[in-house]
Amino acid sequence: MIQKYKLTRINAANQIAKTVDESAFVINYKEELNPAQFEAASAVDGNYLIIAGAGTGKTRTLVYRVARLIESGYDPKSILLLTFTRKASREMMNRASLLLDKRCSKISGGTFHSFANTTLRRYAKFVGLEPSFTILDQGDSEDVINLIRTQSGLITKEKRFPNKQTLMKVFSLSINTGKTIESILLDNYPQFFEELDKITEIHRVYSAYKKKNNLLDYDDLLVYLKDFLLELSPAAKSFLSGIKFLMVDEYQDTNKLQSEVVRGLSQLNNNVMVVGDDSQSIYSFRGANFKNIMEFPNIFKDVKVIKLEENFRSSQEILNFANQLNEQATEKYSKRLYSNMTGGELPLVIATDNVNLQSKFIVEKVLELREEGRSLSDMAVLFRSSYFSFDLEIELAKADIPFIKFGGIKFVETAHVKDVLAFLRIAVNPLDVVSWYRVLLLHEGIGPKSAQNILDDLANSRLSIKNNPDSLPKFKHSEKLIHLFNLLYKIHVEEMLPTEKAQLVYDYYYPLFKNLYDDFNKRKKDLDIFVNITENYRSLDSLLSDMAIEPPVDSVTDVDSESKENEFLTLSTIHSAKGLEWHSVFIIHALEGFFPSSKSMDNIETLEEERRLMYVAATRAKQNLFISYPMNIFDRESGTTLSKPSRFISEVNPKLISQWLLEEEN
């Protein structure tokens, strides 16, 4: 008699592959998901990288995978889902519970930091902590650093030293990126490089202070967790044995420290699924590392890459533009977004004579779309940097178009722009007490008491900017302030255009400005743009009136329930717009030197991140995409007039865009 044998396929993890009966599930996964989503959602053992292009249903896929694992009989508590925000974590758990049942709410989930906090309290004695450790929030951490900074004896009055916020940023970036304090200073704060030894010493004292007092800051949570996991003590092994499935959302936004935590969490089960989009990696300034998602298949074993490419948000015309942007990238996962949506228009690229005409075009187009029945809430204006929208904000206010701006402060509310405005306000109203007080306190050695004495002299006309400064009586600090009175006298009495007066103020203020702000290099662009805006005015009164318009709500997340019935146009930096979508999107200042920024052009990595920013901006649009740039804009930093469209436009096939020129009518 011949013996019969049965062949059973063994998968890569040396486990017998189960034949899955789809009819046994409550949810019809094949029907609810497209093929790529289904492949990801039905994955069980092994390491997976899900490249989820913009608008391809990333969250839906993760939610369905959670439900399917639980339907397959796995313990919900053995599933760990790490996200970047509590909101994202709650949303996924709620959606999974609604999709299946309450078992889904029992999965382990949360942000990297909340998960670290829970774990460390449970295993505190194994990492050298007391379970009752206190977590310092950012403000607390800065206050501790300031205490050490002032009591260290390292700071002298002769030389400027970084403030507590700057020190905290340097320490945090160093920990999260794995770079030395030395390299962080060279890259971000070169003016403080000579103070390296002192800054390093403050960091050493800060670390010792925390350890002595059982304190952890946000970064420590991840450092202690990483060390606990990678040391693989019996306690760590016991903990890791309870995690069967690890899922990480937005993996392209992880920094070096977070990627090491992921590696530590998956080292026993070798069973991790990360989801992200390399084309949307745009947070390097926070320490995020683009290489994490690119090198994932090399770091983890036998990684299966699944690409989600069907887009459920945008028209194919917009996706064609986005696809070509991605094709030009030097390092990427090849993908081609496609959509079944119809009725789209080619993206419009509009070149305007100047910045103000760009703003007027947007105002007119917004009003036109509004007349066609499209809500202001369905439209957004996106920009590379907050100051790009300054001129537009003024035009929107003139047209009574309500807007919300988020991602940066409105330029008239930034401290340094307020400083410059204060000088000009005094020139118009020499008895503007508020502006005088602000201007006087900018000067080193003049405190509130001295400022008040000078204000008293101004009030009783002992001092005045209407008279030639040479005739002013002597007063305390008069030698220090003689240049200020000369400036104010000149811009008050002489006939000049507002832009000429603004330039005089700029020249006087700049040395004070450099002394006041550690990050003056970043803030300088705001001042340059402000001076550019003044060129649109013939009267200082009209300039200051426009600047004094009451700004609307600061942040889209701060709008309370009472204002939800109102419509607001969204103004946003691209960084703050990630994850959002609108029917019509305007991308402004798509000008070489501005987007990409001139500072990014020296380094291929920063230039490629600028390309990804344009990709993120374009893929926020559902139906209409407008990209505009002023053809002539003077860049004060380089001393040149910029006039070339962004390379991200000029590199695109002309057949994929509709190009227009907008000029002033004579």
Side-chain angles (χ1 to χ4, degrees), residues 34 36-37 52-61 88 91 95 250 277 279-280 282 308-326 335-350 361-384 389 392 401 403-407 556-557 559 564 567-588 590 612-628 648-649 652 655-658 660:
N34 65 28
Q37 290 174 330
T56 56
K58 162 182 71 77
T59 302
R60 180 182 179 84
T61 304
E91 181 191 350
R95 282 176 61 173
E250 302 284 13
D277 183 3
S279 301
Q280 296 187 70
I282 58 173
L308 307 185
E309 296 173 295
E310 183 180 358
N311 178 285
F312 301 96
R313 175 190 299 152
S314 307
S315 68
Q316 189 61 50
E317 287 77 7
I318 291 170
L319 296 181
N320 289 341
F321 174 77
N323 284 334
Q324 189 149 46
L325 279 174
N326 192 48
K335 55 182 170 291
R336 188 143 195 94
L337 299 180
Y338 66 93
S339 171
N340 293 316
M341 296 169 65
T342 56
E345 303 269 347
L346 286 178
L348 262 61
V349 175
I350 305 99
F361 160 74
I362 292 168
V363 167
E364 287 181 22
K365 197 68 189 174
V366 165
L367 291 173
E368 184 183 310
L369 288 166
R370 184 72 185 81
E371 286 301 308
E372 292 172 3
R374 189 57 57 185
S375 166
L376 290 177
S377 305
D378 279 343
M379 304 175 224
V381 182
L382 307 182
F383 28 85
R384 169 66 186 84
S389 70
L392 175 61
I401 297 175
F403 65 91
I404 296 169
K405 181 175 179 181
F406 60 112
V556 101
T557 57
V559 183
K564 283 182 181 173
E567 289 181 52
F568 292 95
L569 174 71
T570 297
L571 306 188
S572 175
T573 60
I574 299 166
H575 288 100
S576 295
K578 188 170 168 290
L580 303 174
E581 59 185 45
W582 294 270
H583 176 274
S584 299
V585 168
F586 299 83
I587 303 172
I588 62 173
R612 297 194 293 270
L613 270 171
M614 180 65 83
Y615 173 90
V616 168
T619 52
R620 300 310 96 200
K622 296 180 183 177
Q623 284 291 316
N624 295 327
L625 177 60
F626 306 95
I627 305 172
S628 60
F648 306 139
I649 296 171
V652 168
K655 293 179 181 178
L656 299 181
I657 53 178
S658 178
W660 297 80

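Side chains included, hydrogens not; waters and symmetry mates left out as well; all remaining heavy atoms used.
For Q316 (side chain) and S339 (main-chain N/O), a donor-acceptor pair under 3.5 Å exists by modelled atom type. A donor-acceptor pair under 3.5 Å links the side-chain atoms of T619 to the main chain of Y615, judged by distance alone. Side-chain atoms of D378 never come within 3.5 Å of backbone atoms of R374 as a donor-acceptor pair (strictly under, hydrogens ignored). In this structure a side-chain-to-backbone donor-acceptor pair under 3.5 Å is present from S314 to A621.
Closest non-hydrogen pair, P347 versus F321, comes out as CG-CB, 4.0 Å. Closest heavy-atom contact between M614 and A590: CE-CB, 4.2 Å. Between A380 and W582 the shortest heavy-atom distance is CB-CD2, 3.3 Å. Across every non-hydrogen atom of R336 and N323, the tightest pair is NH1-CB, 3.4 Å. When all heavy atoms are compared, the tightest approach of G53 to L337 is CA-CD2, 3.8 Å. In terms of heavy-atom proximity, I318 sits nearest to A618 at CG2-O, 3.5 Å.
With hydrogens and angles left out, the side-chain atoms of S658 and W660 include a donor and acceptor closer than 3.5 Å. Under the 3.5 Å distance criterion, with hydrogens and angles disregarded, no donor-acceptor pair is assigned to the side chains of T56 and N311.
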Apply the test side chain to side chain donor-acceptor pair (under 3.5 Å) to residues K335 and S279: give CA-CA distance (whole Å), side-chain angles for both, the deciding distance (0.1 Å), then the verdict.
CA-CA 10 Å; K335 55 182 170 291; S279 301; 2.9 Å; yes
Quick one: do R60 and R95 satisfy side chain to side chain contact (heavy atoms under 4.5 Å, CB included)? Show the steps, please.
CA-CA 9 Å; R60 180 182 179 84; R95 282 176 61 173; 3.7 Å; yes
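A heavy-atom distance below 4.5 Å is found between the side chains of Q280 and K578. Using a 4.5 Å cut-off on side-chain heavy atoms (C-beta onward), F383 and L571 make contact. Within the 4.5 Å cutoff, the side chain of M341 has heavy atoms near those of the Q623 side chain. L376 places a side-chain heavy atom less than 4.5 Å from the side chain of R370. Contact check for L625 versus I627: side-chain heavy atoms found under the 4.5 Å cut-off. Residues T573 and R384 are not in side-chain contact: their nearest non-hydrogen atoms beyond the backbone lie 4.5 Å or more apart. A 4.5 Å side-chain heavy-atom check between V381 and I588 finds at least one atom pair inside the cut-off. Within the 4.5 Å cutoff, no side-chain heavy atoms of V585 are placed close to those of M379.
Of the candidates E250, E310, E91, E250 is the only one forming a salt bridge (charged side-chain N to carboxylate O under 4.0 Å, His left out) with K58.
By the salt bridge (Lys or Arg N to Asp or Glu O under 4.0 Å) test, E368 pairs with K365, sequence neighbours left out.
Between F626 and F361, the two ring planes are perpendicular [angle over 60°; tilted spans 30° to 60°].
The line from CD of Q37 to OG1 of T61 is 4.0 Å long, rounded to the nearest 0.5 Å. Rounding to the nearest 0.5 Å gives a distance of 8.5 Å between CG of L348 and CG of N624. Between atom OG of residue S389 and atom CZ of residue F403 there is a gap of 7.5 Å, rounded to the nearest 0.5 Å. Of the inter-residue distances, the one linking L580 atom CG with L382 atom CG reads 9.0 Å to the nearest 0.5 angstrom. Put simply, CD1 on I649 and CD1 on I587 are 8.5 Å apart, with the number rounded to the nearest 0.5 Å. Rounding to the nearest 0.5 Å gives a distance of 11.0 Å between CD of E567 and CD1 of I401.
The pair E581-R313 meets the salt-bridge criterion, with a side-chain N (NZ, NE, NH1 or NH2) lying under 4.0 Å from an Asp/Glu carboxylate O.
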